[in-house]
Structure formats: structure tokens, C-alpha cells
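In what follows, every chain begins at residue 1, and chains take the letters A, B, ... in the order their sequences are listed. All of these numbers come straight from a predicted model, not from anything done at the bench.
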Amino acid sequence: MPDSPTEIIRLVNVSKGLYDLNGQTLNRHNLVLSQVNFSLEQGEVHVLLGENGAGKSSLVKMICGAIRPDSGQIFINGKEMTANDPQQALASGVATVSQEFSLCPNLTVAENISLGRTKYNFAGFLDFPAMRALATHQLNRLGAGQIDVNRKVKHLPVAEQQLVEIAKALAANPQVLILDEPTSTLTDNQVEILFRVIHALKDSGVSMIYITHKLKEIFEVGDRVTVLRDGRSMRTVAVAESGNIDDLIQLMIGSKLDNLFNKGKHQVGETALEVLDLKSDPASPALNLTVKQGEIVGVAGIVGAGRTEFIRRIFGIDSYHSGSVTVFGKSLPKGNPQAAIQAGIGFIPEDRKRQGIVPCLAVRENICHVTMRQLSRLGWVSIASRSRLARTYVERLKVMASSLRQEIRYLSGGNQQKAILGKWLSANARILIFDEPTRGIDVITKSAIYRLMVELADRGVAILMISSELQEVVGMSDRVYVMRSNRIAKILAGEEINGETILRYAMGGDEVA
Amino acid sequence: MINRFTSVLKAKEAGIIAWILLVGLVSSILSPNFLTPNNLVNILAQSAVVGIMAIGMTMVIITGGGGIDLSAGSILGISSVVMAMTIIPPELFRDTAAMLVLPNDFWIILKALIFCLGTGAVCGFLNGCMITWAKLPPFIATLSLMAAARGTAAYISAGIPTYGMPTSLVYVGQGSISFIPIPVLVMLALGLIVHLALTRSVFGITLFAVGGNRETARFSGMNVNRLLISVYVLSGVFAAIAGVILSARGNQVHPDAGTGYELSAIGASVIGGTSMMGGAGGIPGAILGAIFMAEVQNVINILNIPVAYMKPVLGGLIVMAVLLDQWHKKRDTGE
């Protein structure tokens, strides 16, 4: 750190309610950020640490001027930011490398990097040589001189897109650089170069906010670290003094009450689902997984650890290179969801609206979509038999709908989720895969869904659950597979299952020693 | 009784029924020739060809994802040419009045009908393959088949129309049972079958699921490609049936027959409440839409309005009907 640190950015008691896409506050009581204090000094790398949904992205958006706080003050270079004006943030030298790339896929690398700093020649036309020179220079700094600046961004692999994104931010000569998980797609070698660039920038006085889920990186580049939890800033410590990684993890999790769960000891039966050496492509790590009847198996990991991709391959939505998926001793063909369903697997997907329901159709039809063949005679299926089936599950799962004919899109997220569950129960699914079972669902329906899951497991259904909510994984699972960068980092069972251990493996704490 | 009445008012076809009645009311005030039994039957008969095509088109549009069949008019053309050439012996191919001398041989006519519908099915299958396996947008796939089928029809018939058909086929186009023209009966029968299939069969439920959300359909284990192919095959077959009716009604087969009819069929579907976004729509609406378009053309004839006005008026009416329908839906859902 420099000898006389000067504060570049200061947030004082900043709060923000739940907001919409435009940053307009929807609900002032449901706080995304609550009384947050944060400061960034010149020439430091300040790491933001927190679980999914802890408020890291909102904090960063506020500094960029994309959203404005409901209360509290933001100072940049000692000057208070008054309006939510991204221009003001830009003018004071804030540049962002975001997870969702801000690149134009149809423009070339050179055009993207010089976007906003477009150069013109004497005739008033775009000065392509100057733009290419700028792009080449910035990419060389990142040791990525091999990237052809004349290629369109959409033709680059993701890792190179990430490097272009970083080069674009560097081209702005920022005073403050925000890096949101910049290494998630990079190779070890690229990460090393990026860290060298970060150290060089630091030496020239640039301040950086660094968001990461990889604990190892905190110690490699961080000066100070601020832990966020449930929208509050828990503590800011100097990395050199933080010492124990477990303290940081403890701060992230806190001690949460989990009376939502009433996990019993399930009677575990024969192996229902077995995945052996599944490789998505020849070079990728082999994945193994088993779920027994009556067992609830959790799959934990940070966003981008490859959980959903893994599960989609098991269900056959995507194909894979080698390995096998076996259901009750019968091997499933690759990339064939119909076969998976016939073998007794049900899939409750993460993106309810796009993969779980047909929004414009009635609750009744949505429930019957898998079972209609069994209901049908010679391809015909009467309305009465569909209504009977749907009513059974609407009543059993207590789906709140005005009628069976109500379009499912008018139901709340929780009731939609129950209807989707009804769809699979009606098909007598013996293996249920839940991907983020309670995302966006209110707490009462949540506990109802947990109860249903336990009830199903008690009746011998094998349950595989992916979740980013730690307390859900801890509260529900008999065993937990922790995934990190497309491999299974650790399998936990029984007493080993707790938030600290899961996070440590999910974030690579075991690598830090 | 009152309940039943209000449920008719609330039905999704209420809008199009109101339009048909409104235009009918205005026309019967303006002309004494409109509200006569003969004229009303005539309107129904006029609507049959487009109505039958609209049944297939409606299913195609319900599949969503830009589903549309621009080749329907050309399929009508090529399949009626194939039918004529199956009936006519090769030595009379170039004789425009060849069919006049043809006997009513049941087996020859049956063979001709099978070849005709088969041609429609093959064309539809080609559409389906281009859309599912080659992943072409339906607009492009069917546009290319529209040109290819029309060109092939002109090639195999040497561009020469054929006049005269076996009398039993002519009866299908021009005869009536009691007072209802046979083309209307064909349209209603096909409409009823498809309507029941859409509401009460695995095929129908799959169609609406795929149209409403293709991803969810896949996650529910539905074979999306097989459904798409069968829907385009059906659209081709319905276009071919429309070709039989058109040839029989006019007692002639022309390689240019049905040009532009695909647009009328799309219009009928959309006026009848089928959403271009997919996932919503129905056969009753499509048939009523076809009847509405026939009614408007009939009124323009009766009132001696210059034919040049006909298409602009139809265009305007399509826009108005769809706007009104959107407004109606918005009010219903309270959005």
C-alpha cells in the first residue's frame, strides 16, 4: 500500500431496497443493501467476498452509477455523487470488467476495445490503424498478443473474450477498476498474467475492487477484504492480518436459523441413479455420482462450477462424450430426455418460466404434459380424464389456482413449482432432480416444498438437488457433492455437512491450506 | 340459457362472430341481394378452399417460433396438377379439354386422389425436414418450397391448364347435400376432426405445449421435431385437399391455381384469433375467419364496388380485426 493512502471512493450507510431492471426501488423494506459502509483507497486491491445474493453486484452497480441508493451517501474523490449517472462515474475514471460481457459480438476485437474512444483520421473516417494499434497494445499488456484484433468477438473462445473485456477496461486508463470474477473462464497461465497486470496497475496508483469466489486469489492480489452478508458489510480487514480463512467463511455464513427443515433419517434403498466417469468432452474431468432410493443428495458449488451442465447431461437435455448414466441398473442413451423420463427421472429445472411451464396454457394441461400418453386411448385423451388427474395433484400439493383452467403464468412462483412437481408425481417419477428448487419462492411455500421433498424421500423417491443456497443444502441433504470448476471437489456426508466445509471446498479453500 | 349466452359472448371466437354479423347487417341494409338463402350459401361455398387451407395453416402457426407455411398455395397448385395428370392418359397431356372425355373410373380417381394428397404430404415433409434438420427459419424454408413447387407444377404440366374433369369429381366441387354445398361439408368435417384432435388428443396437447414453450416441451419429454414435421405434412395435405375442391369447383386444373391463397389462409387464421407468437389459436376461429373474408369479397361484388378496392379493404379489415382482438384480450386479462 502507498505511504499516504488517499480515499478514492467512500460509501456511508448506504441502503437500497429490492429494485427492478432499471434500478427503480420496488420495495423499501426488502433490503438488498442495508447500512453498508465501504471505502477504497488509492492503489489498493479491495476484495469483496460474500455468498450469492449477498449484495456484491448491487454495491458495484451503485459505484458505477447504474443504481442509486435509497439512503446514504457515495463519495468519489471526495465529491458526493448526487444523481444515478453512469457518466459521472465514467468521468471520474471508474471502469468495469463485468461477468456479463459488455462486448458487441458483431464488432471486431479492435473496434470493441476502442469503443467510446473511437479515433478518426484527417478525412473524418474511422482511423482503423490507430484503433488496431491501441487494441494490440492493450492485449500485449495482458500477454494476449496472439488474439487477432481483426476477428469478430463472437468467434473468440470465452477465455479470449474475457481478456478482450479486460483490455477494453484498461484502454480507458481507469483510476478505479472493478473486476467481477475476472478469472472464472481463464486458464491458470492467463490468470497469472492477469495478476501481474493487476500488480503493475497497483504500482501505478490504480485502485481496484475485486469480486471473487476463489479464496486463493484473495491472498494473491488482495490488500483488504470486505465481507458482505445479506446486504450488510460485516467486516473489513487487511488481508495480511486476516490470517485464518475459516474466520472469513464464518463471517460470510453467520449463524442462520434453519428451522425450515425437518430432515429425518431416511430409509435408504437400492441405487437409483448412477453416473460413471461422465466426460462432457475428452479433456474434461470424469464425474461420478450415485443417488439411492430414499436419499436426498445435494450438489453445491458456486455459480459457474458446472452443476447445471452436469445435471442436464444426466437428464439427456445435452449430450456428452463418454461415460454412462444408469437408472435402476438400466443404462440410458446419451442426449435423450424421453428415455430418461421413461426410466423414471423427473426434472424440475432452474428456469421455471423458460423450461418448467408453458405459460400460456392452463394449469391442467401443464400438469398433464408428461402423463397424457398413459391417459390416452389410441392417441385420444378426454378432457375429463385430464381434469381428474390435474385435480388430484392440485389438491394433494395445495396448488393455489382459481381453477384448473387458469393460465399457469398467473400463479405465483411457488404454486407454479408445485404444479411442475405435480407433473412429475403424476408420471410416477422415481428419481427427481431439482435445480434450485426454491429460487424466487416465498418462505411459506418454500417450507411446503421442503416438506414435500422429505415426504417423497420417505416414500423411496431418490432426490438429487442442486442449490446455491447453503442453508438449503445443509438442511436437506443426506450427502453433498461439492463441485468446483467442472469437477467434483469433495463428497460430504453426515456430520461433515455444514456451511463452512461446503464453502471451503466450493471456493477452493483446500488449495490455500 | 343466459349462462350459455354469456359463455358464447366470452368465447375467443366472439370477436370474429361479431365482425361477420356487423358486416352482414350493414350489407343487408345497403343491398337487398345480400340476405338471401342463395347468397349466404354461396358465401359459405366461396370460403371452403381458403377455409380448408386455414385449418392446416392454423396448426402451423400454433407451433410458434415463426411457424408459417408460405408454400401452401404452391402445394395446392402442384398437387392438383399431379391429380390431373394421373387421370389423363399421357397421349392427352397437352390437350386442354382432355378430361372431358374421361370415364368415371373409380380406381383411377382414387389413385389420382392418393397421388394428389401424397404430393401434398411429400411437400409438407420437405418443409418439415428443412425446418427441423436443416434448422432453416420456417419463413425461408417454405418460401423456397413455394417457388420450387410452383415451378415444378409449371414444368410437369408445360404450363398448360386442363379443362374438364370426371363428372363424379365435379360433383364433389359443385354438388350439395340437401342445400349445403359439398365443399362446405368437407371443410366442416375436416374442421371438426382437427378441432377435436387439438383439444382432445396427445397430438393436440403436444402441439400447444411446443407452441407455448418449446424448451418446456423438450424437458417434458416431447419429441419436438416429430411434431413439427407432422404439422407441416398435415398443412401440405390440407392444401392438397383444397386443391381437389378448387379443381372440382372450377372444373379445371391450372398450374397457377392457388397463387396467393396461402396469404388468405394466414389472414383467416389470424382474424380467427390464432396468435402469430404461437401456442394459442383454434380451428373454429380459422374457419370463421375464412367465412368472413368470403363475406367481404361477396359484399364488394354485390355492391358493385370496383374489384380494385377489394384487396385494400381486405387488408384494412385484417388489421382492424386483429387490433380489436388484441384489445379484447387485453381487457379480459386485465393487463
Side chain, backbone, both or neither of Lys353(A) within contact of chain B (heavy atoms, under 4.5 Å): backbone
Count the heavy atoms belonging to other residues, nucleotides or ligands that lie under 6.0 Å from CZ of Phe328(A), then report whether that count exceeds 12. yes
Testing the basics here: between Pro359(A) and Gly212(B), what is the closest heavy-atom pair and its distance to 0.1 Å? CD-O, 4.1 Å
Arg200(B)/Val381(A) under side chain to side chain contact (heavy atoms under 4.5 Å, CB included): CA gap, chis, key distance, verdict: CA-CA 5 Å; Arg200(B) 288 168 179 76; Val381(A) 41; over 6 Å; no
Sort Arg377(A) into side chain, backbone, both or neither according to what part of it lies under 4.5 angstrom from a heavy atom of chain B. neither
Taking Thr216(B) for its side chain and Ile357(A) for its backbone only, find out whether a donor-acceptor pair lies under 3.5 Å. yes
Separation between CD1 (Ile420(A)) and OG (Ser220(B)), nearest 0.5 Å, reads 9.0 Å
Contact summary for Met372(A) and Thr206(B), nearest pair of heavy atoms: CE-OG1, 3.2 Å
Correct closest heavy-atom pair for Ser376(A) and Val202(B) would be CB-CG2, 3.5 Å
Hey, can you tell me if Phe315(A) and Phe219(B) have their rings parallel, tilted or perpendicular (30° and 60° cut-offs)? parallel
Heavy-atom pair count under 4.5 Å with chain B, highest-scoring of Glu365(A), Arg354(A), Arg312(A): Arg354(A)
Could you walk me through whether Glu215(B) and Asp351(A) pass the side chain to side chain contact (heavy atoms under 4.5 Å, CB included) test, one step at a time? CA-CA 10 Å; Glu215(B) 274 284 279; Asp351(A) 192 337; over 6 Å; no
Please check if atom CG in Leu378(A) has more than 12 non-hydrogen atoms from other residues, nucleotides or ligands closer than 6.0 Å. no
Measure distances from Ala217(B) to the heavy atoms of chain A and classify the residue's part below 4.5 Å as side chain, backbone, both or neither. neither
Minimum heavy-atom distance Ile193(B)-Trp380(A), with the two atoms named: O-CH2, 4.3 Å
Walk me through it: do Ile205(B) and Arg386(A) pass the test side chain to side chain contact (heavy atoms under 4.5 Å, CB included)? CA-CA 11 Å; Ile205(B) 299 172; Arg386(A) 273 183 272 159; 3.6 Å; yes
Can you tell me which of Ser382(A), Gly356(A), Cys368(A), Pro349(A) forms the most heavy-atom pairs within a distance under 4.5 Å of chain B? Gly356(A)
If every non-hydrogen atom of Gly279(B) is compared with every non-hydrogen atom of Cys360(A), which pair is closest and at what distance? O-SG, 3.9 Å
When every non-hydrogen atom of Gly221(B) is compared with those of Gln338(A), the smallest separation belongs to O-CG, 2.8 Å
Does atom NZ of Lys154(A) have more than 12 heavy-atom neighbours from other groups under 6.0 Å away? yes
